[in-house]
Amino acid sequence: MTVLERDEEPCWPRWRRPLPTRRQQRNDVLVALAVLAGAVFTVVVVRSMGLAFNDDVSLGEQVLWGAAVVAPIVVRRRYPLATLAAVGVLFIVAQARGMGENTVPSIALFLAIYSTGAWERRRVAARWARITVIVAMFVWLGIAIVRLLVEPTVEFPGASGPLNPLLAAVLYDVGFNAMFFLSAYFFGEMAWLSARRQAELAYRAEQLRRSQEENTRGAIVAERLRIARELHDVVAHHVSVMGIQAGAARRVIDTDRELARTALDTVEETARAAIEELRGLLGVLRAEPGEAASEEPESSRESSPDLEDLPGLVERTRSESLDVAFAVYGEPYPVSDGVALSIYRVTQEALTNVVKHSLAGSVDVRLRYLDSGVEVEITDDGRGPSGPGRPQGSGLGLVGMRERVAVHGGELETGPRPTGGYRVRAVFPQPARRRAAGGADVA
């Protein structure tokens with residue numbers, strides 16, 4: 001199981017590298033074949049130069065030893081510990097036999113040490129296995145140096161440096177091998193850490209992708225709720241007004257045709273307003289960002305009514321059986337479009353509830369411009385939104401009003417009045433207004 005398949009945060013110091021892929025294992029086979037070809041070539045060249053350490057070893061045996069040392073790297077990533085052990089043992093045995101040429105076998109040993117550091121999933125075993133092989137190699141080097149010191153057989157006819165030629169040879173062998181083995185250890189460790197960082201980055205990227213998906217889903221849900229709330233406000237209010245006006249027209253059509261005509265005119269006007277608002281809302285939803293304002297300015301405006309549309313909203317609610325009053329208190333001042341729309345929608349929902357769920361004969365809408373903010377209050381003399389004889393509501397309208405007010409940091413009060421009827425009061429604070437007014441308005 002990879003880290004991306006886990007739900008919990010991985011413990012990265014204990015991370016285990018995934019096994020090599022089939023492609024990586026095929027590449028290991030190709031690398032082993034290339035190194036084997038290099039081993040055969042160097043054995044033949046060195047043999048032809050007369051540099052064989054042991055004349056008793058034939059060319060065929062040298063080739064076989066070279067192939068034996070190189071062969072384990074075929075599985076260096078799949079079984080790194082076994083590869084390291086096999087290459088290390090065969091390397092020392094081949095050198096003890098007198099193979100002579102050790103350049104390519106050294107490459108195979110380097111790959112084995114590197115692969116153990118880069119791919120072995122058991123990190124403690126990987127560390128101690130490499131240390132053991134490196135120590136064994138230095139022990140073998142020490143034995144060779146002791147033999148060289150005890151029985152010096154190499155001559156240095158061209159030596160001209162300040163150091164003793166034998167000492168220089170010893171220092172060179174020790175320094176070269178130290179650099180060789182430490183490089184194999186270091187680069188293997190770096191490869192492991194690099195793979196772990198890549199896995200961690202992939203895990204973080206996956207987390208970010210999932211978080212973005214969650215945010216997108218949340219935004220979609222929020223947008224659906226917003227659209228549903230807008231549709232509820234538009235459709236419920238206008239349909240309720242049309243229903244009550246049509247009922248009034250039906251009751252008086254035989255006795256007062258002028259009043260019936262007025263009620264039907266209100267139905268027509270309300271239906272037209274509902275269609276315009278729906279068209280504007282759908283136009284905004286269909287338009288690309290930045291296109292709604294340029295292509296459908298009227299529809300966009302109609303889909304976002306403001307405080308100037310409140311008198312028309314109140315007037316459309318008026319009927320034969322429902323008297324509606326509207327008044328503005330205080331000196332009007334500009335408010336944000338969002339606050340204006342919320343005031344309009346709260347008033348619209350409150351009037352809809354009066355028409356649908358109460359037996360009110362009158363309703364009073366008051367818009368107050370205060371120093372601390374804008375307040376709208378809708379009161380009626382009915383039996384409330386759940387009075388007897390009226391259809392029960394779903395409660396979503398009140399929830400929508402509360403959400404609209406909460407967005408702007410305001411307060412919503414709803415409930416029966418002590419003197420009868422029902423009251424809806426929404427307060428939208430205007431801190432900018434208070435700062436602009438300073439102490440003058442208060443005084």
Side-chain angles (χ1 to χ4, degrees), residues 1-42 63-92 94 102-134 136-137 179-210:
M1 179 181 295
T2 63
V3 296
L4 295 181
E5 298 172 337
R6 302 176 185 174
D7 293 330
E8 68 278 2
E9 176 74 16
C11 180
W12 294 109
R14 297 181 181 179
W15 175 76
R16 300 181 69 184
R17 188 170 186 174
L19 295 175
T21 62
R22 292 183 179 275
R23 182 178 180 181
Q24 290 172 328
Q25 295 183 57
R26 286 196 299 269
N27 291 340
D28 289 342
V29 174
L30 296 178
V31 169
L33 292 176
V35 176
L36 177 60
V40 174
F41 174 78
T42 54
V63 171
L64 289 176
W65 277 114
V69 175
V70 171
I73 66 174
V74 171
V75 292
R76 66 185 184 89
R77 280 189 273 206
R78 184 65 180 86
Y79 303 104
L81 276 183
T83 299
L84 178 61
V87 172
V89 172
L90 291 171
F91 182 89
I92 292 178
N102 64 354
T103 301
V104 176
S106 297
I107 295 176
L109 182 60
F110 184 95
L111 288 174
I113 297 174
Y114 167 84
S115 300
T116 301
W119 285 91
E120 177 53 47
R121 307 173 83 187
R122 295 165 295 177
R123 300 311 297 167
V124 176
R127 179 172 64 251
W128 286 108
R130 287 177 291 168
I131 291 175
T132 301
V133 170
I134 291 173
M137 292 301 164
M179 181 186 66
F180 175 86
F181 290 116
L182 292 178
S183 297
Y185 190 102
F186 174 79
F187 287 120
E189 200 69 22
M190 289 300 100
W192 172 271
L193 293 176
S194 177
R196 192 177 73 181
R197 291 192 192 100
Q198 291 179 359
E200 187 170 1
L201 289 175
Y203 178 83
R204 300 300 179 195
E206 178 67 12
Q207 278 189 322
L208 179 60
R209 185 190 66 80
R210 292 178 180 177

Drop me the distance from Glu189's CD to Thr116's OG1, to the nearest 0.5 angstrom.
11.0 Å

CZ of Phe91 to CE of Met137: how many Å apart, nearest 0.5 Å?
5.5 Å

Do the side chains of Trp192 and Glu120 get nearer than 4.5 Å, heavy atoms only?
no

Side chains of Arg204 and Gln207: is there a donor and an acceptor less than 3.5 Å apart?
yes

Does a salt bridge link Arg209 with Glu206, judged by any charged N lying under 4.0 Å from a carboxylate O?
yes

Minimum side-chain heavy-atom gap Ile73-Asp28 below 4.5 Å:
no

One should read off an interatomic distance between Arg77 CZ and Asn27 CG, to the nearest 0.5 angstrom, of 6.0 Å

If I take atom CZ from residue Arg130 and atom OG from residue Ser115, how far apart are they, to the nearest 0.5 angstrom?
10.5 Å

Is Arg17 positioned over the aromatic face of Trp119, cation under 6.0 angstrom from the ring centre and no more than 45 degrees off axis?
yes

Report yes or no: does Thr83 contribute a side-chain atom to a donor-acceptor pair with the main-chain N or O of Val75 at less than 3.5 Å?
yes

Are the side chains of Leu81 and Arg122 in touch, meaning some heavy atoms are under 4.5 Å apart?
yes

Does some side-chain heavy atom of Leu109 sit less than 4.5 Å from a side-chain heavy atom of Phe181?
yes

